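These notes are about the structure you will find just below.
Computed from a predicted model, the values in this text were never measured in an experiment. The analysis underlying the following values was restricted to heavy atoms, covering all of them including side chains, and did not include hydrogens, waters or symmetry mates. In what follows, every chain begins at residue 1, and chains take the letters A, B, ... in the order their sequences are listed.
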Number of protein chains: 2
Amino acid sequence: MAALAGVSTGTASKALNGRGAMRPETRLRVQQAADQLGFVVNAAARSLQTGRTYTVGMITTDTIGRFSIPLLIGAEDALGAGQMSVFLCDARDDPIREQYYLRTLLGRKVDGIIVTGRRTQARAPIGADLPVPVVYAFISSTDPQDCSVVPDEADGARRAVRHLLDTGRRRIAHVTGPEHHHSAQVRAAAAAAEWELAAPVLYGEWTEAWGRQAAGMLLAGGIDFDAVLCGNDQIARGVAEGLREAGRDVPRDVALVGFDNWDVMVDACRPSLTSVDMDLEGIGRTAAELLLAAINGAPAHGQRARPCRLVPRESTAAGFVAPRNGEPRNGEPRNSEPRNGERQPPETW
Amino acid sequence: MAALAGVSTGTASKALNGRGAMRPETRLRVQQAADQLGFVVNAAARSLQTGRTYTVGMITTDTIGRFSIPLLIGAEDALGAGQMSVFLCDARDDPIREQYYLRTLLGRKVDGIIVTGRRTQARAPIGADLPVPVVYAFISSTDPQDCSVVPDEADGARRAVRHLLDTGRRRIAHVTGPEHHHSAQVRAAAAAAEWELAAPVLYGEWTEAWGRQAAGMLLAGGIDFDAVLCGNDQIARGVAEGLREAGRDVPRDVALVGFDNWDVMVDACRPSLTSVDMDLEGIGRTAAELLLAAINGAPAHGQRARPCRLVPRESTAAGFVAPRNGEPRNGEPRNSEPRNGERQPPETW
DNA sequence: AACTTTCAGGAAAACGATTGCCTTGACGCT
DNA sequence: AGCGTCAAGGCAATCGTTTTCCTGAAAGTT
């Protein structure tokens, strides 16, 4: 024990933790002795005494996937800076596992819990009257008193539309995922509210295959469009391929915007894909910071939506298309509701 | 405290842990009282006494990425079954962070540590004379005494070649990543040793763009090939596109095998891509099991290579190509060294 | 010079479980 | 009846810290 370097254990503790009054000389002596012996405080003993473990649990409700990772990294980053360690729990969408993990985390006396996961809708709270604060990241809790941090997907869709408008596009089509999927709905609604779409929203799957198919449908339907806003990057890539194979040039004839800014997709796409980034890492970081605040006695409540970011690439390269009908090049996008009456869906739909 | 249900804390402890002698009736009474009160043992207090924390640390040396996730899941799975919790540490390829995490993990008295990460080569041991067992997963340690679990990439390449041979292909080209990359070397060498390649190995990047380019090179070089074995799935997808745009049909004219079996790539590829799966989840699980064994006093040493698995899909659909020159349809692949003298690289290379 | 204040550092009681040892009472044996 | 044996369960030490309170000694006050 480091106390062998001159003082009692009590004093050594104070020295290392900056408590109590003592000569600077003594404090230094203890510290030197400590790292000479490679002394590391026993976290178990400490937490037994203090009640704090400097530990948080992170439960991913569905399996750790593409979306969870940036969240994990962001949260781990913010927590690591606060000297906290993270317990990783993968509940695989299984409520039994979830509750099992919850119990072990509570047994380990974590200071707080972050719940993440991909869902089409908000989820039920993981537990009621828990003795530790909980923050939901990416997913939100149905209890409005719970603290959730989610991406502002409507904001993302608006940014995408504005970017298309700014680069001179006016006839925007929208191809996205399943209609019952919350994200698809929100994004489509926000896009339509920002600018009247050139065609009814095409709902399908979150896949490249659907993107290719949808491109074909747009072309076959005789739609007049100079841009396609896609529900995610995979769809966008599929649309890009479909258009290219039909002889349309991206971005000259049609501009393309994806959603997710998934490096694998946006870089491999030809041309490289402009996309909306939900800043998942930032969401993870924010969630962790809110959790830290809650642990320190300043709990936050309700849902926080974080803005998205548009990352422009070649698929929306500007300068090709002249503004039509004298509309201002960087004119303010309208914010009114879409004039549904003007829509003219083609027969084939 | 559960002792309020009739007995002393000592007895309660024995009851819940199945120690000591006592009437079954008493034991039951304690257990009922415990979960009536929602009693969970305080892990800190327990570990302070027993010296075990039932906790392991998992350090990813590079940032958590596509390869780490299955490893994480596999390890977490095996450990969770053993009632152990996992501390996640993302060292981001920064030796300082790595050592910092190592210290905190040791302070938390983890029972063991798993080190994972993607590297081109084996890595230096994370620490010397550590008080807890360490297992390296996916990556290997330069110290032969350390325990590492890695994929048998040569095995994977051999399986791919055999599959191509089994489906009637004989003129196999190989397109892969950077020559200095260990995986590229190993896979290429194993493939070449299994069957004489139709052309010198094409080294490049791990990208689709390189795959497309390489397809063009093969065609322009006048190489006679009926199959391409690719260093990873992205390259394979690029090759598929390149071939398709040049009018070659996959799999009729050319069969294609990828490496990694990355769902996003193999499914989106046209046609869907046959690929070699390294079973990363299995590697994570094995590593965790070896760690558990080491914790229980049966440490393993040295490097374990786990076999790969070939997942056939449309890109190697058989039945199109008749065996040439009377070679047996399912003939034994030769295992001798390639006859380098027979190679005739075209001028353009 | 006697008294108060201040400061450095020690002693010991927690924290919550585990566990070896001990006590108690019931029972059986002679 | 007295003694030994054994099972059931209580007692208390222990793990390694933190933290409160306390003791001396040195310094300052009048």
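Taking only side-chain nitrogens and oxygens, A:Thr26 comes nearer than 4.0 Å to OP1 or OP2 of C:dG9. Within the structure, every side-chain polar atom (N or O) of A:Asn42 is placed at least 4.0 Å from both OP1 and OP2 of D:dC15. Residue A:Arg19 places at least one side-chain N or O under 4.0 Å from the OP1 or OP2 atom of D:dT19.
Residue A:Tyr54 contributes atom OH, which lies 12 Å from atom C1' of D:dT18 at whole-angstrom precision. One can place CG of A:Leu37 at 16 Å from C1' of D:dG16, the figure rounded to the nearest angstrom. A straight line from CG of A:Leu48 to P of D:dT18 spans 11 Å, rounded to a whole angstrom. Taking atom CZ on A:Phe39 and atom P on D:dT18, their separation rounds to 7 Å, with Å as the unit. Rounded to whole angstrom, the span from the CE atom of B:Met22 across to the P atom of C:dC22 amounts to 19 Å. Atom P of nucleotide C:dT19 and atom CZ of B:Arg46 are separated by 9 Å, given to the nearest angstrom. Rounded to whole Å, the distance from CZ on B:Arg29 to P on D:dG9 is 7 Å. Distance B:Gln49 CD to D:dA12 C1': 12 Å, rounded to the nearest Å.
One side chain, A:Arg306 or A:Thr286, offers a donor N or O that lies under 3.5 Å from an acceptor on the other. Looking only at atom types and distance, the side chain of A:Arg304 has no donor-acceptor partner in the side chain of A:Ser148 under 3.5 Å away. Side chains of A:Arg19 and A:Ser13: no donor on one and acceptor on the other come within 3.5 Å.
Residue B:Thr11 is in base contact, counting any heavy-atom pair closer than 4.0 Å across all strands shown. Contact annotation for B:Thr50: backbone-only contact, meaning every heavy-atom pair under 4.0 Å involves sugar-phosphate atoms and none involves a base.
Salt bridge annotation for B:Asp277-B:Arg309: present, with a cationic side-chain nitrogen under 4.0 angstrom from a carboxylate oxygen.
Closest to the side chain of B:Ser13, out of D:dT17, C:dG10, C:dT19, is C:dT19. Among the nucleotides C:dC15, D:dG10, C:dT18, the one closest to the side chain of B:Ser8 is D:dG10. Which of C:dT19, C:dA8, D:dT17 sits closest to the side chain of A:Ala21 comes down to C:dA8.
Taking for each of A:Arg27 and A:Gly10 the nucleotide of DNA chain C with the nearest heavy atom, the 5'-most of the two is the partner of A:Arg27.
Under 3.5 Å, the side chain of A:Lys14 and the base of D:dT17 form no donor-acceptor pair of N or O atoms.
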(Q) side chain to side chain contact (heavy atoms under 4.5 Å, CB included), that's the test. Do B:Thr61 and B:Thr116 meet it? Break it down for me. (A) CA-CA 6 Å; B:Thr61 56; B:Thr116 75; over 6 Å; no

